[in-house]
Amino acid sequence: MQTATAHASMYQPASFDMQAGDWVYRGEGNANILFAYIGEGSELPGQLLRLTKRGVPQNTDINADDSDTDDSSFNKEQEKLSLQAHNNVVFTKEVIGPLIGADYILQHQLVYLSSKFIEQLSLAAEPLRPSSRTHKQIDPMQRVGALVRDMINVLELTPKQPGEHTIAIEIKPKWGFVPSSKYISQANSVKHRVCRHCMHQYLKHDKDSMSEYCPIDLFSNNCTRVKHAVDCLFDVSNDRLRVFVDGTHIAGDENGGIDVAKVPHSQQLKQTIADIILAEKLLPRLGSVQNRLDVFDIEGLFPRYKRALEAGVLTEKEPSIDDWLEAAARFRQREEQGGSNVNAPVVDDKQAALEFMISVTLKDVSVLIRIESWPSASKSESESAEGDSSSAKLPEYHIAVIDADAKKLAKVPKYLKNDQEIVDRYLETNPNVAQQKACCEQQGEKDI
Ligand SMILES: O=P(O)(O)O[C@@H]1[C@@H](OP(=O)(O)O)[C@H](OP(=O)(O)O)[C@H](O)[C@H](OP(=O)(O)O)[C@H]1OP(=O)(O)O
Ligand SMILES: Nc1ncnc2c1ncn2[C@@H]1O[C@H](COP(=O)(O)OP(=O)(O)OP(=O)(O)O)[C@@H](O)[C@H]1O
């Protein structure tokens, strides 16, 4: 196993000529914000810059005590953020890569940033940011960001035939398994039948904006079910699916679905997305490894987490990159050796908590699929309109996972609370067992 010291030299930040005017706001999630390069330099075209965000400070009192913000605490904060950027890159590549396949990981290059650059980007982005995200701001203290290939934007250099488009699809599939953990209490046994996403909807959405999408279908590796899941995502996307045509995000229609009138050959595209998912090992691997890392379920994990804190093997401090690397290596080693008993592995409390947290990361990644030329030149429209996936020749595409950073271990108590809230709300709204959903993992069991 390589250690943090070895990694520090492998992932050194580079110095590029970073001018704020060369970057435009691209989008953001809860934790990070992205900018696309539009400058003329030869090194950065096609790159995105990923920066971290932090909560907007609540205390705006100019007389507030600033004794904590002297030079040394500024420097410490900057170092902490640089380390975090570094650790995210190492975590994605070295912890997540081997679990789902290195080919699905995008290369990241760390880059130095100046305070002026960050300040100018923040100002330029502000009017473009959705109001739902403005409770957080670009962290002004960061001095290192990450460059990554832009899977959505289209470079002007790419020649296209008339009528051809570049399509990018972003799917956040969420949990791809129904837990079978023996640590789930009898009172919560619904978790053995209804998947987390399907239950969570009742907490997140009102009846009108709920989607039929079930991740267990998308992860099923079954042609009919995968296609059905893709159709459901198009019908009501709820931010689980985004579609970009020539780099432009297709906004939702009035029903919360993708406005297919703006998507060229949309029926054929849905089938092609399903075919790509079926052709790749990514989703089956993702669902399976999420499950194998979560054998205790939050119900069995929480007491172990508490015990580890009490024993001092885990502390308030977040795990180091070496902790993550070691936990991932131990997990893989255990599996290679036959996994003793996969349902009740003999692992210490710290290992159990770290494995659970790696699973949390995998349950929140997004999958990006980029189709370079759409409709595919290799196939006539009449052939593909039939939707015959068995004979479908896939267009040229690239598929990768994004947002595979380590999650904060300190969120474990929140996960327990959230889990119970999800179950309670589901049971409250669906008290009749006979009418509850059955999200089944076995192929062919579900008639759709
Ligand atoms: O708990 P969940 O399933 O709601 O997942 C959160 C996501 O919600 P959603 O996918 O919309 O349901 C949530 O996504 P949104 O902010 O809703 O886009 C985040 O991804 C959050 O992770 P983090 O706090 O940014 O590290 C996610 O939190 P983690 O559970 O991954 O910590
Ligand atoms: N390599 C990429 N190419 C194109 N677009 C990207 C890329 N990486 C991220 N994005 C866009 O930026 C958005 C936010 O990125 P990301 O998922 O990394 O943010 P996050 O804050 O970590 O997400 P979350 O809310 O799940 O925590 C994505 O939803 C996607 O639209």
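Note that ligands are numbered from 1 as they come in the structure, with each ligand's atoms numbered from 1 the same way. Sequential numbering from 1 along the given sequence is applied to the chain's residues.
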Numbering as shown, the atoms of ligand 2 that approach Leu106 to under 4.0 Å (heavy-atom distance): 1 (N)
Salt-bridge criterion met for Arg370 and Glu372 (N-O under 4.0 Å): yes
Asp275 with Lys227: basic N within carboxylate O range, under 4.0 Å: no
Residue portion contacting ligand 2 (non-hydrogen atoms closer than 4.0 Å) for Asn30: both
Location of contacts on Ile152 toward ligand 2, heavy atoms closer than 4.0 Å: both
Minimum-distance protein heavy atom relative to atom 28 (O) of ligand 1: Lys411 NZ, 3.6 Å
Atoms of ligand 2 close to Gly29 [distance to a heavy atom under 4.0 angstrom, numbered from 1]: 14 (C), 19 (O), 20 (P), 21 (O), 23 (O), 25 (O)
Closest candidate by heavy atom, reference atom 13 (C) of ligand 1, pool Arg240, Lys407, Lys172: Lys172
Parallel, tilted or perpendicular: ring planes of Phe302 versus Tyr305, cut at 30 and 60 degrees: tilted
Derivation and outcome, ring-ring contact (aromatic ring centres under 6.0 Å, His included), residues His200 and Tyr426: CA-CA 8 Å; His200 198 186; Tyr426 185 75; over 10 Å; no
Nearest-neighbour protein heavy atom for atom 1 (N) of ligand 2, which is reported as residue plus atom name and distance: Arg149 O, 2.9 Å
Minimum-distance protein heavy atom relative to atom 16 (O) of ligand 1: Arg133 NH1, 2.9 Å
Protein contact to atom 23 (O) of ligand 2 [nearest heavy atom, distance to 0.1 Å]: Asp403 OD2, 2.9 Å
Per-atom contacts, ligand 2 versus Asp150 - under 4.0 Å to a heavy atom: 3 (N), 4 (C)
Ligand 2 atoms in contact with Glu170 (distance to a heavy atom under 4.0 Å): 28 (C), 29 (O), 30 (C), 31 (O)
Pairing of Asp349 and Arg307 as salt bridge, 4.0 angstrom limit: yes
Selected option - heavy-atom contact closest to atom 1 (O) of ligand 1, from Arg196, Gln201, His197, Lys174: Arg196
Steps toward salt bridge (Lys or Arg N to Asp or Glu O under 4.0 Å) verdict (Lys191, Asp419): CA-CA 10 Å; Lys191 283 161 63 177; Asp419 180 72; 2.8 Å; yes
Part of Ile33 with heavy atoms under 4.0 Å of ligand 2, whether side chain, backbone, both or neither: neither
Lys204 heavy atom under 4.0 Å from ligand 1: yes
Candidate list Lys136, Met141, Gln142, test side chain to side chain contact (heavy atoms under 4.5 Å, CB included), partner Arg54, passing option: Met141
Euclidean distance, Glu126 CD relative to Ile138 CD1, rounded to 0.5 Å: 7.5 Å
Pairing of Arg425 and Glu421 as salt bridge, 4.0 angstrom limit: no
Nitrogen or oxygen atoms of Asp364 and ligand 1 under 3.5 Å apart: yes
Asp239 and Lys172 ion-paired at < 4.0 Å: no
Proximity to ligand 1 by part of Lys414, non-hydrogen separation under 4.0 Å: neither
Identity and distance of the protein heavy atom lying nearest atom 12 (O) of ligand 2: Leu34 CD1, 3.1 Å
Atom 25 (O) of ligand 1 [closest protein heavy-atom partner, distance rounded to 0.1 Å]: Asn30 ND2, 3.0 Å
N or O pair under 3.5 Å between Ala31 and ligand 2: yes
Flag, side chain of Ser237 to backbone of Arg240, donor-acceptor distance under 3.5 Å: no
salt_bridge(Asp323, Lys317) N-O dist < 4.0 Å: no
Selected option - heavy-atom contact closest to atom 16 (P) of ligand 2, from Lys407, Arg133, Arg50: Arg50
Nearest-neighbour protein heavy atom for atom 6 (C) of ligand 2, which is reported as residue plus atom name and distance: Leu48 CD1, 3.5 Å
Any Arg242 heavy atom less than 4.0 Å to ligand 2: yes
Any N or O of Met151 closer than 3.5 Å to N or O of ligand 2: yes
Sub-4.0 Å heavy-atom contact, Lys363 with ligand 1: no
Ligand 1 contacted by Lys408 (non-hydrogen, < 4.0 Å): no
Glu28 N/O under 3.5 Å from ligand 2 N/O: no
Criterion salt bridge (Lys or Arg N to Asp or Glu O under 4.0 Å) on Arg330 and Asp348, from CA distance to verdict: CA-CA 11 Å; Arg330 283 178 63 185; Asp348 58 64; 2.8 Å; yes
Contact with ligand 2 for Lys53, non-hydrogen, under 4.0 angstrom: no
Lys411 bridged to Glu318 by N-O distance under 4.0 Å: no
Derivation of the salt bridge (Lys or Arg N to Asp or Glu O under 4.0 Å) call for Glu335 and Arg332: CA-CA 5 Å; Glu335 293 223 318; Arg332 293 204 311 273; over 6 Å; no
Atom 4 (O) of ligand 1 [closest protein heavy-atom partner, distance rounded to 0.1 Å]: His200 CE1, 3.2 Å
Where ligand 2 meets Asp364 - atom numbers and elements under 4.0 angstrom, heavy-atom basis: 26 (O)
Salt-bridge contact Asp103-Lys281 (side-chain N to carboxylate O under 4.0 Å): no
Side chains of Asp405 and Gln84, donor plus acceptor under 3.5 Å: no
Inter-residue atom distance Glu77.CD - Ser82.OG, 0.5 Å rounding: 10.0 Å
Close N or O approach (Asp403, ligand 1; < 3.5 Å): no
Atom indices of ligand 2, in the order listed, that fall short of 4.0 Å to a heavy atom of Lys172: 26 (O)
Min heavy-atom dist Tyr415 to ligand 1 below 4.0 Å: yes
